[in-house]
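These notes are about the structure you will find just below.
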Amino acid sequence: MSHLPRLNAVKPASVTVFHVGPQDQDLRALADILNRTEWKLCPGTSWNLAATDDVPSAAARLEGEKVPIVVCERESVAGNWKDMLESVGKSSPSPMLIVTSRTADEYLWAEALNLGAYDVLSKPYHPVEVVRVLSMAWLHWMNRHSGSAAMARAS
């Protein structure tokens, strides 16, 4: 029997990534990356994927769920990433929006970042890039969320 003090175990986080866009091979690749990758920046974190192909149903789900990360196709069935950006801005706390496109050019990057998206991912997905962007988005969301909670307790 050890006489060392028992440390409180940190409960692993479960992160939901909400994908808005076609349910195709890119979505399957994203699911595979979430399930099979070692998340060195977020050890112990489990990653879940939720998906819909249109902005209005995504916006409706975001009203009732706390989702930290939204990955939105540049253009989707009903709406585009700008519509999704407007919707996530109404959520509290608002998710980090990542725009994705097969034609992710400099114009899209500049426009998305200037209008308030967190980042842009090009398709096809590259696991290293997806892990980096999603990890940083999650850490940024957690930092922002825990900062807001601390400020509320201090008031």
[X] (side chain) donor-acceptor with [Y] (main chain) under 3.5 angstrom:
| X | Y | value |
| --- | --- | --- |
| Asp32 | Arg28 | no |
| Thr45 | Cys42 | yes |
| Asn114 | Ala110 | yes |
| Ser57 | Asp54 | yes |
| Asp24 | Leu27 | yes |

For residues 86-100, please give each side-chain donor-acceptor pair under 3.5 Å, one per line with the distance, not counting sequence neighbours.
residue: Ser87; atom: OG; partner: Asp83; partner atom: O; Å: 3.3
residue: Thr100; atom: OG1; partner: Leu121; partner atom: O; Å: 3.1
residue: Thr100; atom: OG1; partner: Tyr125; partner atom: OH; Å: 3.4

Partner residues of Tyr118 under the ring-ring contact (aromatic ring centres under 6.0 Å, His included) criterion, sequence neighbours left out
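Applying ring-ring contact (aromatic ring centres under 6.0 Å, His included) to Tyr118 gives His140.
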Going by the rule ring-ring contact (aromatic ring centres under 6.0 Å, His included), which residues pair with Trp39 if we only count those two or more places apart in sequence or in a different chain?
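Scan of Trp39 (ring-ring contact (aromatic ring centres under 6.0 Å, His included), adjacent residues dropped) gives Trp47.
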Any [X] side-chain heavy atom under 4.5 Å of [Y] side chain:
| X | Y | answer |
| --- | --- | --- |
| Asp26 | Arg102 | yes |
| Ile33 | Glu129 | no |
| Ser101 | Glu75 | no |
| Asn80 | Arg74 | no |
| Leu115 | Lys82 | yes |
| Leu30 | Val130 | yes |

I'd like to know whether Ser14 forms a side chain to side chain donor-acceptor pair (under 3.5 Å) with Asn48, so could you lay out the CA-CA distance, the side-chain angles of the two residues, the decisive distance to 0.1 Å, and finally the verdict.
CA-CA 7 Å; Ser14 179; Asn48 308 301; 2.7 Å; yes
Who pairs with Ala50 by side-chain contact (heavy atoms from CB on, under 4.5 Å), at least two apart in sequence or on another chain?
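Testing Ala50 for side-chain contact (heavy atoms from CB on, under 4.5 Å), a comparison that skips the adjacent residues, returns Thr16, Phe18, Arg61.
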I'd like to check the side chain to side chain donor-acceptor pair (under 3.5 Å) partners of Gln23; sequence neighbours left out, ordered by chain and number.
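For Gln23, no residue satisfies side chain to side chain donor-acceptor pair (under 3.5 Å) once neighbours in sequence are set aside.
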Give me the atom names and distance for the closest heavy-atom approach of Lys66 to Pro68.
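Between these two residues, the closest heavy atoms are O-CD, 3.9 Å.
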I'd like to know whether CZ of Arg36 has more than 12 heavy-atom contacts from other residues, nucleotides or ligands below 6.0 angstrom.
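Check fails, neighbour count at 12 or below.
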Name all pairs fulfilling the ring pair (Phe, Tyr, Trp, His ring centres under 6.0 Å) condition that reach into residues 70-111, sequence neighbours left out, sorted by first residue then second.
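Counting only pairs at least two positions apart or across chains, no ring pair (Phe, Tyr, Trp, His ring centres under 6.0 Å) contact touches residues 70-111.
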